[in-house]
Q: 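Quick one: structure below, then a few questions.
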Amino acid sequence: MRTSWADSVANAENSAFATGASASTNNAANTNTSAAVVAAAPRPDRAAYVPPHLRNRAPAVVEAPVPSPINGPSAAKLPSGLRAPSGGTRPGGGPVRDMGRPGFGGSRGGGSWGSRSGGWDRREREVNPFTNDEETTDAAFDGQENTGINFDAYEDIPVETSGENVPPPVSTFAEIDLGDAVNENIRRCKYVKPTPVQRHAIPILVAGRDLMACAQTGSGKTAAFCFPIISGIMRGPPSHRQRGSRTVYPSALILSPTRELSIQIHEEARKFSYQAGVRVVVAYGGAPINQQLRELERGVDILVATPGRLVDLLERARVSLQNIRYLALDEADRMLDMGFEPQIRKIVEQMDMPTRGQRQTMLFSATFPREIQRLASDFLFNYIFLAVGRVGSSTDLIVQRVEFVLESDKRSHLMDLLHAQRVNGTSAKQALTLVFVETKKGADSLEHWLCMNGFPATTIHGDRTQQEREQALRSFKSGATPILVATDVAARGLDIPHVAHVVNFDLPNDIDDYVHRIGRTGRAGKSGLATAFFNENNSSLSRSLAELMQEANQEVPQWLSRYAAARSHGGGGGRNRRSGPRFGGRDFRRDSSNRSGAGDYFGGGSGYGGGAYGASPGYGGGAYGNPGLTSAWD
DNA sequence: AAAAAAT
């Protein structure tokens, strides 16, 4: 399967351009259908925000919510295998998500989903998110989203779950009642079949359980947490809002580590919630706050935000978290690393957000180092750990190469690669190439040098204005500047279709960062190429890089193996705690070294009445991974 | 050591 490097480039380019590389990307769906729906809807009187609990009622009638009976939110709607799990008991002993939540389930006159579409709505005011991107053509759209995912590659994907009473996976969206509106949006997105992470995560989340999920970005994890949140809000309790107050009370909070990723999540969430009567608002720094405040004032059910701007909004009392029922951290390991952790802790623990167990918490990332899992467990209640592994499957679609390049040779070497892509490519255009460097200054200077040498490039990093950053991304996506020089701001989560080649001009120091970077190509089942420039300065990465590549059935150069070996039996060498080959993730609760203190790790220990973890049937058997593994992608 | 994230 794997051939020469030149072939790899050519293949990646073919793959990138087969669907029209200059066309924009992320948009989904069927303009005609959506437009027809819009046209058919009645004209609104006003654009005033209508809170979810009022949207499916006649204006004058407001029923008092009826306390829910015994079972979980959607027990009645779920297949028998998916009933609210007994493992979902809280310290107090009551059923998990419905306790103390009047109207959480079943109070809405039988809970028929269709009822939400009636009455006075402002849906026709809702901008159709499926038509947002300019040059949408069928050709450009095909092969986006799930339609392009190579499901064959997923068939044998290893999956590991642990935790109590894990709900079984589904194999179709139809098996779970997400509601008519969401189902319609799934259709508009042309999602035919859930991806592996969706198959497992959606039933877990719909059952109300907390979740820590290791899943490769690009495998549909945004949808995996958005669908349950949206459908949960639609059947949820009233979100009250005080008259005269400018404070808003979102039901769900989705946090991400970069502004661009928040923007992207917002765009996706808007598609998933289109005409569902659920409002999604995004807030991030670097942009004027006033417009964001206006959006918030129009009402918000789901708030997507970066931490700094959210703290600002909280301190201004323009947002309150006291109604949060769903908390999602995307790129959760990044959110909890040294730079971010205090801010996240402040938001989650020191503002007015309901405590764990009172809310549903979901953490997603492609990598999950053990020590970060330990931190994360502070936020989780009796959670399920899910790892969608990748052995010999989807990530094989990324061809990884490492080349030994001295610092002084990097620029000319890059030039050679870029030239080769031009010459070998089927298109006269340059294939989209994402070049990662270490520093912001380095990014600027490399961009300048590339432009001077006839390669149209732009750059994205934290010293640029937000406008410049977003412009750079647009210009790259459109192919206007097919080379993007980036710092790690672009390493995580960004879905940039048609990236044929990721170049690690400067390798990161952490193998997890490498994993995230190369994940910008080979997305959604497409093939991609990743080239790394390695030299003496990167020797600390040699071992984990060699192991990772071996793991992914990549060709490991002998010189790299020698580097790795030299480090492993040097004094005190040993495995880096954070590194090691990653396939599947491993629940840190299963590590014997953690067992003694297990009570610390899942929900404050002794309070809840369930069995101890060690006694849980899922434990101890069937691990497909290496015992030493600490993180995962996919 | 660098990058990101509020003004």
Q: Phosphate oxygens OP1/OP2 of B:dA6: is one of them under 4.0 Å from a side-chain N or O of A:Arg318?
A: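 No, no such contact exists.
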Q: Tell me the interatomic distance from A:Asp488, atom CG, to B:dA2, atom P, rounded to whole angstroms.
A: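 Rounding to the nearest Å, CG of A:Asp488 and P of B:dA2 are 13 Å apart.
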Q: Expressed as a whole number of angstroms, how long is the span from A:Gln466:CD to B:dA4:P?
A: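 Rounding to the nearest Å, CD of A:Gln466 and P of B:dA4 are 11 Å apart.
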Q: Describe the nucleic acid contact of A:Asp312 in one word from base, sugar-phosphate, nothing, applying a heavy-atom distance below 4.0 Å.
A: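 The answer is base, as A:Asp312 lies within the cut-off (heavy atoms under 4.0 Å) of a base atom.
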Q: For A:Met351, check side chain to side chain contact (heavy atoms under 4.5 Å, CB included) against everything at least two apart and list the hits.
A: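 Only A:Leu314, A:Leu321, A:Lys346 meet the side chain to side chain contact (heavy atoms under 4.5 Å, CB included) criterion with A:Met351.
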Q: For A:Arg316, which contact category applies under a 4.0 Å heavy-atom criterion: base, sugar-phosphate, or nothing?
A: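 Result for A:Arg316 = nothing.
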Q: Taking the six-membered ring of A:Tyr383, is NZ or CZ of A:Arg589 closer than 6.0 Å to its centre and within 45° of its axis?
A: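 Output yes; distance and angle both within limits.
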Q: Applying salt bridge (Lys or Arg N to Asp or Glu O under 4.0 Å), which residue pairs with at least one partner in residues 459-468 of chain A are found, sequence neighbours left out?
A: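 As it turns out, the salt bridge (Lys or Arg N to Asp or Glu O under 4.0 Å) pairs with a partner in residues 459-468 of chain A, which skip direct neighbours, are A:Lys440-A:Asp463, A:Arg464-A:Glu468.
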Q: In this structure, how many angstroms lie between the P atom of B:dA3 and the CD atom of A:Glu341, rounded?
A: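 Roughly 22 Å, once rounded to whole Å.
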Q: If I take atom CZ in residue A:Arg334 and atom P in nucleotide B:dA3, what distance separates them, rounded to the nearest angstrom?
A: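 Those two atoms, CZ and P, are 12 Å apart.
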Q: What integer distance in Å separates A:Arg517:CZ from B:dA4:C1'?
A: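 Between C1' of B:dA4 and CZ of A:Arg517: 13 Å.
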Q: Atom CG of A:Leu336 and atom C1' of B:dA4: how far apart are they, to the nearest Å?
A: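 So the two atoms are 14 Å apart, to the nearest Å.
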Q: B:dA1 phosphate, OP1 or OP2: any side-chain N/O from A:Thr439 under 4.0 angstrom?
A: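 No, A:Thr439 has no side-chain N/O under 4.0 Å of OP1/OP2 on B:dA1.
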Q: For A:Arg374 and A:Glu371, what are the C-alpha separation, side-chain angles and deciding distance, and is it a salt bridge (Lys or Arg N to Asp or Glu O under 4.0 Å)?
A: CA-CA 5 Å; A:Arg374 188 176 294 116; A:Glu371 58 271 39; 6.0 Å; no
Q: Give a yes or no on whether the backbone of A:Pro257 and the side-chain of A:Arg334 come within a donor-acceptor separation of less than 3.5 Å.
A: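 Not a single qualifying donor-acceptor pair exists.
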Q: Want to settle it: does A:Met338 or A:Arg469 sit nearer the 5' end of DNA chain B, counting the closest nucleotide to each?
A: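 Counting from the 5' end, the first nearest nucleotide belongs to A:Met338.
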Q: Quick one: is B:dA4 close enough that its OP1 or OP2 comes under 4.0 Å of any side-chain N or O from A:Lys440?
A: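 Answer yes for this pair, as a side-chain N or O of A:Lys440 is under 4.0 Å from OP1 or OP2.
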Q: Remember a base hit wins even if backbone is also touched, and classify A:Gly339 as base, sugar-phosphate or nothing at under 4.0 Å, heavy atoms.
A: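 If one applies the 4.0 Å heavy-atom cut-off, A:Gly339 turns out to touch a base.
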Q: Can you tell me the distance, in whole Å, between the CG atom of A:Asp337 and the C1' atom of B:dA4?
A: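 Computing the A:Asp337:CG to B:dA4:C1' distance gives 9 Å.
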Q: Return no unless some side-chain N or O of A:Arg259 is found under 4.0 Å from OP1 or OP2 of B:dA4.
A: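 The answer is no; no side-chain N or O of A:Arg259 sits under 4.0 Å from OP1 or OP2.
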Q: From CG of A:Leu313 over to P of B:dA6, roughly how many Å is that when rounded to an integer?
A: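 Spelled out: CG on A:Leu313 to P on B:dA6 is 10 Å.
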Q: So for A:Asn509 and B:dA1, does any side-chain atom that can act as donor or acceptor lie under 3.5 Å from a complementary atom in the base?
A: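 Yes, the side chain and the base share a sub-3.5 Å donor-acceptor pair.
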Q: Taking OP1 and OP2 of B:dA4, is either one under 4.0 Å from a side-chain nitrogen or oxygen of A:Thr306?
A: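 Negative; the distance criterion is not met.
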